[in-house]
Amino acid sequence: MPNLVLDKTDLKMLAALQLNGRLSNVELAEKVALSPSPCLRRLKQLEESGVIRQYVALLDPACLGLGLHAFVRVKLEKRAGNLKSFIEAVQGWQEVVNCYAMTGDMDYLLQVYFQDLPHFSRFVMDQLLQHPGVEDVKSSFVLKDFKQTTALPLSHLAA
């Protein structure tokens, strides 16, 4: 989207929606000082351009019995097919909520949620380490969340 130009009103809309994606068009229009029709038009443009990818509900893992939050670093053997096979496997592991290809000594960083340590252990032993091509796994457990947001920084876009 390098040619996309966002003005102050667009940025206000994006900031408001990042905090509450369930704002009605009327509520959003009030927050950005527009009438509802132009606000809806701008919102549709942001959606169609791909700036707004989707709307979701953010769930509380603890309320759902997912008390163990971890990051798992994975190193793969450098053989043809391992990469594609691993990426396909990750798509089917519901415990993995994010997977990133990384620079450095490990190839992938997985963000995972589990009910407890035995569930985590079963995942690592029965799925992750059994996957062909996985050479090394290192885990770090989240002790406490100090900041967790899905809101992206927008200040660099302000004119």
Side-chain angles (χ1 to χ4, degrees), residues 1-4 6 10-25 27-28 42-158:
M1 309 293 139
N3 295 335
L4 185 65
L6 301 173
D10 294 323
L11 295 176
K12 286 180 188 177
M13 290 175 67
L14 293 172
L17 288 169
Q18 284 192 110
L19 294 176
N20 182 358
R22 292 189 71 176
L23 287 173
S24 71
N25 184 55
E27 292 168 323
L28 182 59
R42 282 174 175 261
L43 182 60
K44 293 294 180 199
Q45 287 175 336
L46 291 168
E47 292 169 348
E48 290 169 4
S49 71
V51 171
I52 297 176
R53 287 191 314 205
Q54 68 187 64
Y55 298 91
V56 299
L58 300 177
L59 308 179
D60 186 325
C63 289
L64 299 170
L66 298 170
L68 185 69
H69 182 195
F71 290 88
V72 180
R73 295 171 306 284
V74 178
K75 183 173 185 163
L76 296 181
E77 295 172 353
K78 304 299 184 227
R79 291 194 187 134
N82 284 345
L83 169 65
K84 184 177 179 187
S85 172
F86 181 75
I87 296 299
E88 288 173 359
V90 166
Q91 301 304 318
W93 295 336
Q94 67 177 1
E95 299 89 350
V96 177
V97 296
N98 289 300
C99 176
Y100 306 98
M102 303 296 291
T103 61
D105 61 343
M106 299 301 258
D107 298 311
Y108 294 93
L109 178 66
L110 310 179
Q111 182 181 9
V112 294
Y113 284 91
F114 297 93
Q115 296 152 339
D116 51 29
L117 193 55
H119 184 201
F120 173 79
S121 179
R122 283 191 303 277
F123 171 78
V124 171
M125 301 298 285
D126 299 342
Q127 292 184 59
L128 195 53
L129 290 176
Q130 297 303 315
H131 190 276
V134 171
E135 183 177 293
D136 192 18
V137 171
K138 293 184 180 357
S139 304
S140 297
F141 298 101
V142 174
L143 300 176
K144 184 167 180 61
D145 288 337
F146 291 100
K147 180 178 181 180
Q148 190 174 53
T149 182
T150 59
L152 295 175
L154 301 173
S155 60
H156 68 286
L157 298 172

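Atom set for the values below is all heavy atoms of this structure, side chains included, hydrogens, waters and symmetry mates excluded. It should be emphasised that the depicted structure is a prediction, and the values quoted were computed from it without experimental measurement.
In this structure, F123 and F114 have tilted ring planes: the angle between them lies in the 30° to 60° band.
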Carefully, step by step, assess I52 and L14 under the rule side-chain contact (heavy atoms from CB on, under 4.5 Å).
CA-CA 8 Å; I52 297 176; L14 293 172; 3.8 Å; yes

With side-chain contact (heavy atoms from CB on, under 4.5 Å) as the criterion, how do L83 and D107 come out once you've worked through the C-alpha distance, each side chain's angles and the decisive distance to 0.1 Å?
CA-CA 10 Å; L83 169 65; D107 298 311; over 6 Å; no

task = Show the numbers, then the answer: is there a side-chain contact (heavy atoms from CB on, under 4.5 Å) between I87 and Y108?
result = CA-CA 10 Å; I87 296 299; Y108 294 93; 3.8 Å; yes

- Query: Would L76 and E135 count as a side-chain contact (heavy atoms from CB on, under 4.5 Å) if you check the C-alpha gap in whole Å, the side-chain angles of each, and the deciding distance to 0.1 Å?
  - Reply: CA-CA 5 Å; L76 296 181; E135 183 177 293; 5.9 Å; no

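Summarising the geometry, atom CG belonging to L152 is positioned 5.0 Å from atom CD belonging to Q18; distances are rounded to the nearest 0.5 Å. Atoms CD and SG, from Q91 and C99 in turn, are 7.5 Å apart once rounded to the nearest 0.5 Å. Here the CG atom belonging to L6 is positioned 14.0 Å from the NZ atom belonging to K12, to the nearest 0.5 angstrom. Between atom CG of residue L109 and atom OG1 of residue T103 there is a gap of 11.0 Å, rounded to the nearest 0.5 Å. Taken from CZ in F120 to CD in E95, the straight-line distance is 10.5 Å, to the nearest 0.5 Å.
In terms of heavy atoms, D105 sits closest to K75 at O-CD, 3.6 Å. Smallest separation of non-hydrogen atoms from Q148 and H69: NE2-CE1, 4.2 Å. Considering every non-hydrogen atom in both A15 and L154, the closest pair reads N-CD1, 3.7 Å. When all heavy atoms are compared, the tightest approach of Y113 to Q111 is OH-NE2, 3.9 Å. Shown here for Q115 and L66, the closest heavy-atom pair between the two residues is N-CD2, 3.9 Å. For the pair V72 and S139, the tightest heavy-atom approach, listed with the atom from each and the gap, is CG2-OG, 3.9 Å.
In terms of modelled atom types and a separation under 3.5 Å, the side chain of S49 and the main chain of L46 share a donor-acceptor contact. Between the N82 side chain and the E77 main chain, a donor and an acceptor come within less than 3.5 Å of each other. Although no hydrogens or angles enter the test, the distance criterion places no donor-acceptor pair under 3.5 Å between the side chain of Q127 and the main chain of R122.
No more than 12 heavy atoms of other residues, nucleotides or ligands shown are found within 6.0 angstrom of NZ on K84.
Under a 4.0 Å N-O distance rule, the pair R42/D10 qualifies as a salt bridge.
The side-chain heavy atoms of L129 and V124, taken from C-beta on, include a pair separated by under 4.5 Å. A 4.5 Å side-chain heavy-atom check between W93 and V112 finds every atom pair outside the cut-off.
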